[in-house]
Amino acid sequence: MAFLEIQQLAKTYPASAGTSTGTSTAAKPVFEQVSFTIERGEFVCIIGHSGCGKTTILNVLAGLEQASAGIVVMDGREINGPSLDRGVVFQGHALMPWMSVADNIGFAVRSRWPAWKPAQVAQQVQKYIDLVGLRGAEHKKPSALSGGMKQRVGIARAFAIEPKMLLLDEPFGALDALTRGVIQDELLRICAATRQTVFMITHDVDEAILLADKILLMSNGPQAVIAEIVNNSMPRQRSRHSIHHDPQYYRIRNHLVDFLVHRSRQIQSGELPRPGQPLQVSPGLIADTPASTAAVASA
């Protein structure tokens, strides 16, 4: 059994109240038939256009929202509410502004281990402050931190409770490219050190290739589905400075972009058939010839 199993997940919101003519619109699922697995220690990214339900799926995994159908099982137990076994990093840093960096992280640590003595809490807090490169900023409040530093505190807080799974909702989307790259490097290093299981939403194709072991591609909503699961065949020890030199990089990138630009819309419009099960692909392993490129594009 996989560490995380999602089976036939669907989410439907109530139908609209109607119009001045008295008609109402039947509710359609935001997404449906969502099934995939995540192995322990695996880093998975999900990509799709706005409105396909990515954040809703993450919220269901976090226990913050109930699905309309389907089940989610993590480590042999069904998810039916929030738990400190799952750490969440949101798009915004979500720090408590009256607390220092150390206190924001310490609050989470004390929630996880309420019986710990202050020295134990302080040791755990300092460990993860050091891990995200914020030594010296322990006593600063969020108002004195840059955007990138605030996101590092959020990441440190999530890692400090040592969750079984980390859920990231576009945590770098509001950062400038330079800061984003630095924190991506930090995240890669921390995940390599801790073997953390991660589920991450991103709109950045290059970020997904850099970070993920596999990439879930969603069709457009409503009634979105996970159409493809792309296996990242590049070596796991990747660097954003050298990743583009790998011959697999552009094959994987072109495949992802082609899906987002063309196939995701074609599936939603009915031009392409809706897959019953996600198609498993490894575009980086396909030889770089005109014939194989055409085969990938039509997969």
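Computation of the quantities below employed the complete heavy-atom set of this structure, encompassing side-chain atoms and omitting hydrogens, waters and symmetry-equivalent molecules.
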Completion exercise
Taking every heavy atom of P283 against every heavy atom of V230, the minimum-distance pair comes out as CD-CG1, 3.6 Å
Problem - Other residues, nucleotides, ligands: >12 heavy atoms within 6.0 Å of F3 CZ - result: yes
Exercise for the section: Please check if I129 and V153 belong to a single hydrophobic cluster, counting links between Ile, Leu, Val, Met, Phe, Trp and Tyr side chain heavy atoms closer than 4.5 Å. Expected result: yes
Problem - Check against salt bridge (Lys or Arg N to Asp or Glu O under 4.0 Å), R40 and D75 - result: CA-CA 9 Å; R40 192 183 300 273; D75 205 18; 3.0 Å; yes
Exercise for the section: For the residue pair K54 and H203, establish whether any side-chain heavy-atom pair is separated by less than 4.5 Å. Expected result: yes
Exercise for the section: Indicate yes or no: at least one non-hydrogen side-chain atom of L167 is less than 4.5 angstrom from one of D169. Expected result: no
Problem - Flag if over 12 foreign heavy atoms under 6.0 Å of CD, E78 - result: yes
Practice task
Indicate yes or no for a side-chain donor-acceptor contact from S264 to the backbone of F259 under 3.5 Å, with no hydrogens or angles considered.
Solution key: yes
Completion exercise
Separation between CD (Q248) and CG (N232), nearest 0.5 Å, reads 8.0 Å
Handout entry: Residue pair R152 / G133: nearest heavy atoms and the distance that separates them
Key = NH1-O, 3.7 Å
Practice task
Check the surroundings of atom CZ in R77: do more than 12 heavy atoms from other residues, nucleotides or ligands lie under 6.0 Å from it?
Solution key: no
Exercise for the section: Please confirm whether the backbone N or O of E207 pairs with a side-chain atom of Q184, one donor and one acceptor, at under 3.5 Å? Expected result: no
Problem - Heavy-atom check, side chain of R135 versus side chain of Q126, under 4.5 Å - result: yes
Practice task
Measure from the side-chain N and O atoms of S83 to the backbone N and O of R86, and report whether any donor-acceptor pair falls under 3.5 Å.
Solution key: no
Practice task
List the steps and the verdict of side chain to side chain contact (heavy atoms under 4.5 Å, CB included) for K141 and M99.
Solution key: CA-CA 6 Å; K141 293 186 177 179; M99 288 187 176; over 6 Å; no
Practice task
Please answer: with hydrophobic residues joined when any side-chain heavy atoms are less than 4.5 Å apart, are M200 and M234 in the same cluster?
Solution key: yes
Practice task
Look only at the side chain of D213 and the backbone of F43, and say whether a donor-acceptor pair between them is shorter than 3.5 Å.
Solution key: yes
Handout entry: Distance, nearest 0.5 Å, that separates CD of E5 from CE of M74
Key = 12.5 Å
Completion exercise
Between the CD atom in Q277 and the OG atom in S35, the distance rounded to the nearest 0.5 Å is 5.5 Å
Handout entry: Any residue meeting side chain to side chain donor-acceptor pair (under 3.5 Å) with T197, in chain and number order, not counting sequence neighbours
Key = none
Exercise for the section: Determine whether F159 and F199 fall in the same hydrophobic cluster, where Ile, Leu, Val, Met, Phe, Trp and Tyr are linked whenever their side-chain heavy atoms lie under 4.5 Å apart. Expected result: no
Handout entry: R112 side chain vs L84 backbone, donor-acceptor pair below 3.5 Å
Key = yes
Practice task
Determine the interplanar angle of the H244 and Y249 rings, folded into 0 to 90°, and report it as parallel if under 30°, tilted if 30 to 60°, perpendicular if over 60°.
Solution key: perpendicular
Handout entry: Any side-chain heavy-atom pair of R189 and L131 under 4.5 Å
Key = yes
Handout entry: Check: H49 side chain, L260 main-chain N or O, donor-acceptor pair, under 3.5 Å
Key = yes
Problem - Min side-chain heavy-atom separation W116-Q124 under 4.5 Å - result: yes
Handout entry: Donor-acceptor under 3.5 Å (D258 side chain, N254 main chain)
Key = no
Handout entry: Validation row: D246, P235 side chains within 4.5 angstrom (heavy atoms)
Key = yes
Handout entry: Donor-acceptor contact below 3.5 Å, side chain Q196 vs main chain P163
Key = yes
Practice task
Indicate yes or no for a side-chain donor-acceptor contact from K150 to the backbone of L95 under 3.5 Å, with no hydrogens or angles considered.
Solution key: no
Problem - Transitive ILVMFWY side-chain link I201 to I226, under 4.5 Å - result: yes
Problem - Note, L4 side chain near V44 side chain (heavy atom, < 4.5 Å) - result: no
Exercise for the section: Check F31 against G53 and note the closest heavy-atom contact, atom names and distance. Expected result: CE2-O, 3.7 Å
Practice task
With rounding to the nearest 0.5 Å, note down the distance linking CE in M96 to CG in N104.
Solution key: 4.5 Å
Handout entry: Any donor-acceptor N/O pair, R157 side chain to G87 backbone, under 3.5 Å
Key = no
Report, one line per pair, each donor and acceptor closer than 3.5 Å where one atom sits in a side chain of residues 60-71; sequence neighbours left out.
from	atom 1	to	atom 2	distance (Å)
E65	OE2	Y13	OH	2.7
S68	OG	T12	N	2.8
S68	OG	T12	O	3.4

Exercise for the section: Mind listing the closest non-hydrogen atom pair of R238 and I209 along with its distance? Expected result: NE-O, 3.1 Å
Problem - Verify same cluster id: L166, I57 (apolar side-chain graph, 4.5 Å) - result: no
Fill in the blank from the handout: Of all heavy-atom pairs linking G76 and V73, the shortest is C-CG1, 3.7 Å
Practice task
Search all heavy atoms of A208 against all heavy atoms of T202 and return the closest pair with its distance.
Solution key: CB-CG2, 4.0 Å
Exercise for the section: Give a yes or no on this: more than 12 heavy atoms of other residues, nucleotides or ligands lie within 6.0 Å of atom CD of Q123. Expected result: no
Problem - Rounded distance (nearest 0.5 Å) linking atom CD of E186 with atom CD1 of I155 - result: 8.5 Å
Problem - Value rounded to 0.5 Å, distance of CZ in R236 from CG in L188 - result: 9.5 Å
